[in-house]
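Single-structure report; data block below.
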2 protein chains.
Amino acid sequence: MSARRTASHNGRTVDRAAAAPPLVINRFPAYLARRFQQICAAMVTESLAGEGITQLQLAVIACLDTVPGIDQRRLAETIGIVPVNAGQIVDELEARGLVERRTNGADRRARELRLTPQGLKLRRRLRPHNLATNQRILAPLKPNEQELLIDLLVRVIEGNAVYARPGAGRRKRGSRQSIGESTATRT
Amino acid sequence: MSARRTASHNGRTVDRAAAAPPLVINRFPAYLARRFQQICAAMVTESLAGEGITQLQLAVIACLDTVPGIDQRRLAETIGIVPVNAGQIVDELEARGLVERRTNGADRRARELRLTPQGLKLRRRLRPHNLATNQRILAPLKPNEQELLIDLLVRVIEGNAVYARPGAGRRKRGSRQSIGESTATRT
DNA sequence: TATTGTTATACTCTATAACTATA
DNA sequence: TATAGTTATAGAGTATAACAATA
């Protein structure tokens, strides 16, 4: 398929460069998506090291900066997680004094979420870092290619919006067959 | 942007468009990567429904078809997971009679992994489905754009190969602060 | 009755550590 | 000592269900 390297990757007597196995082994979107996501998560996490903030927490903070007063359900939908999970993340951020929950006056079921001054301060400080990290991800490409990649990704995502929901890529409960129940148990 | 549906999904007389929140809220690669991965996982999982096979199991099967006799560590490295995890997946597939472990004669520590005839048969049957699914993912794009997207992704992934390792995007053990230990406990 | 959010719980995924066998 | 693999364990992520408050 790709034929990138000459060296073998079962690597006996690989005494020179090209010792590293081929990273990209096929050109399937699903595979590339997983690798791409791995890379992005790793780079973002690295850039947030020491801040004690996760990627999703950052996403929430960014969202509250953009849409102050948003409620939890909409927050969840916006960043692509389940509402329960959004509640938990907000819990964490609230416990750290970064986010504030207010009861919506008009609809007392809903919680208006806002950054506290402290949260806003953190947001301001982290923003350039985050921007730089995201640019660094695309560094292997030329500027016009970077824009192109983003455009194409956006179109694929919006074109498949129906599938862009959390948890759809997991096994259903109980569908996992506990090995050992089956035939072969290892000795 | 996408105008996916006019109807609401919480079914409360939403009589106009723009009821659905915008799916793509920013153009940050890290965000797009997560959404793109969500979509791919969802579509692949859907296409495998009923087979009782997960995306990673399929990846292992595909890899063993391409590189028969590969050992577990290299398998893990190839598809981007940790060796322990590879062992577990192979466990599952072995229990179902799809994969076979042989002790390597030259190095008796290593296990040569191969598809069983049954595994190969499954692979042959699933392959066209998988191909179609991956094409369907890119359906929103024109053919030449599809190739372009793949090329760009490959380059970004290979350019950031250092970061393409499993688990790099998670919290370290114990770094998660159990809320409730902190100040604000909810009432 | 429907919706927002919370609490409780449990399952899946996947990493770390310790161990065995082999080199 | 170093490497391939396994077993054990546990933590992170995230779903489901039941509930409370409000609409």
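Keep in mind that this is a model prediction, so the values were computed, not measured. Order of the sequence lines sets the chain letters (A, B, ...), proteins ahead of strands, with each chain counted from 1.
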Practice item. Have a look at A/Ala106 and say if it touches a base, only the backbone sugar-phosphate, or nothing, with a 4.0 Å heavy-atom cut-off. Key: sugar-phosphate

Practice item. Could you check which of D/dT6, C/dG5, C/dT7 has an atom nearest any side-chain atom of B/Arg111? Key: D/dT6

Study note, to complete from the structure: When rounded to whole Å, the NZ to P distance for the pair A/Lys172 and C/dC13 reads 11 Å

Review point. Which sits closer to the 5' end of DNA chain D, B/Ala110 or A/Thr54, going by the nucleotide each is nearest to?
Key: B/Ala110

Check your understanding: Hey, is the side chain of B/Arg109 poking within less than 4.0 Å of OP1 or OP2 on D/dA2, counting only N and O atoms?
Key -> no

Practice item. Would you tell me if any nitrogen or oxygen in the side chain of A/Gln72 comes within less than 4.0 Å of OP1 or OP2 on C/dT6? Key: yes

Study note, to complete from the structure: Regarding the side chain of A/Arg171, the nearest nucleotide among C/dC13, D/dT16, D/dA23 is C/dC13

Check your understanding: Below 4.0 angstrom from OP1 or OP2 of C/dT20, is there any side-chain N or O of B/Arg108?
Key -> no

Exercise for review: Give B/Arg73 one of three labels, base, sugar-phosphate or nothing, depending on what nucleic acid heavy atoms sit under 4.0 Å from its own.
Suggested key: base

Study note, to complete from the structure: A/Gln38 CD to C/dT14 P, in whole Å, measures 9 Å

Check your understanding: What's the CG-P distance between A/Asn85 and C/dA8, to the nearest Å?
Key -> 17 Å

Study note, to complete from the structure: Tested for side-chain contact (heavy atoms from CB on, under 4.5 Å) against A/Pro29, the lone hit among B/Val44, B/Thr133, B/Ile137 is B/Ile137

Practice item. Return the value, rounded to whole Å, for the distance between atom CG of B/Asn104 and atom C1' of C/dA21. Key: 14 Å

Point to revise | For atom CG of B/Asp91 and atom C1' of D/dA8, their distance in whole Å | key: 13 Å

**Study point:** Value in whole Å for how far the C1' atom of D/dG5 lies from CD of B/Glu112
**Key:** 14 Å

Practice item. Would you list the pairs meeting salt bridge (Lys or Arg N to Asp or Glu O under 4.0 Å) in which at least one residue belongs to residues 135-145 of chain A, sequence neighbours left out? Key: A/Glu46-A/Arg136, A/Glu145-B/Arg155

Exercise for review: State which of D/dT14, D/dA4, C/dG5 makes the closest approach to the side chain of A/Asp71.
Suggested key: C/dG5

**Study point:** For atom CD of A/Gln88 and atom C1' of C/dT7, their distance in whole Å
**Key:** 10 Å

**Study point:** First of A/Asp107 and B/Val84 reached from the 5' end of DNA chain C, by closest nucleotide
**Key:** A/Asp107

Study note, to complete from the structure: Considering only heavy side-chain atoms of B/Leu56, the closest of C/dA23, D/dT7, C/dT14 is C/dT14

Review point. Taking A/Asn160 for the side chain and A/Val156 for the main chain, is one N or O donor matched with an acceptor at less than 3.5 Å?
Key: yes

Check your understanding: If you look at every strand shown and take non-hydrogen atoms under 4.0 Å, does B/Pro166 touch a base, only sugar-phosphate, or nothing?
Key -> sugar-phosphate

Check your understanding: Under the 3.5 angstrom rule, does the side chain of B/Glu112 hit a backbone N or O of B/Ile70 as a donor-acceptor pair?
Key -> no

Check your understanding: Do A/Glu94 and A/Arg96 meet the salt-bridge criterion of a basic N to acidic O distance under 4.0 Å?
Key -> no

Study note, to complete from the structure: To the nearest angstrom, the CD-C1' distance between B/Gln37 and D/dG13 comes to 14 Å

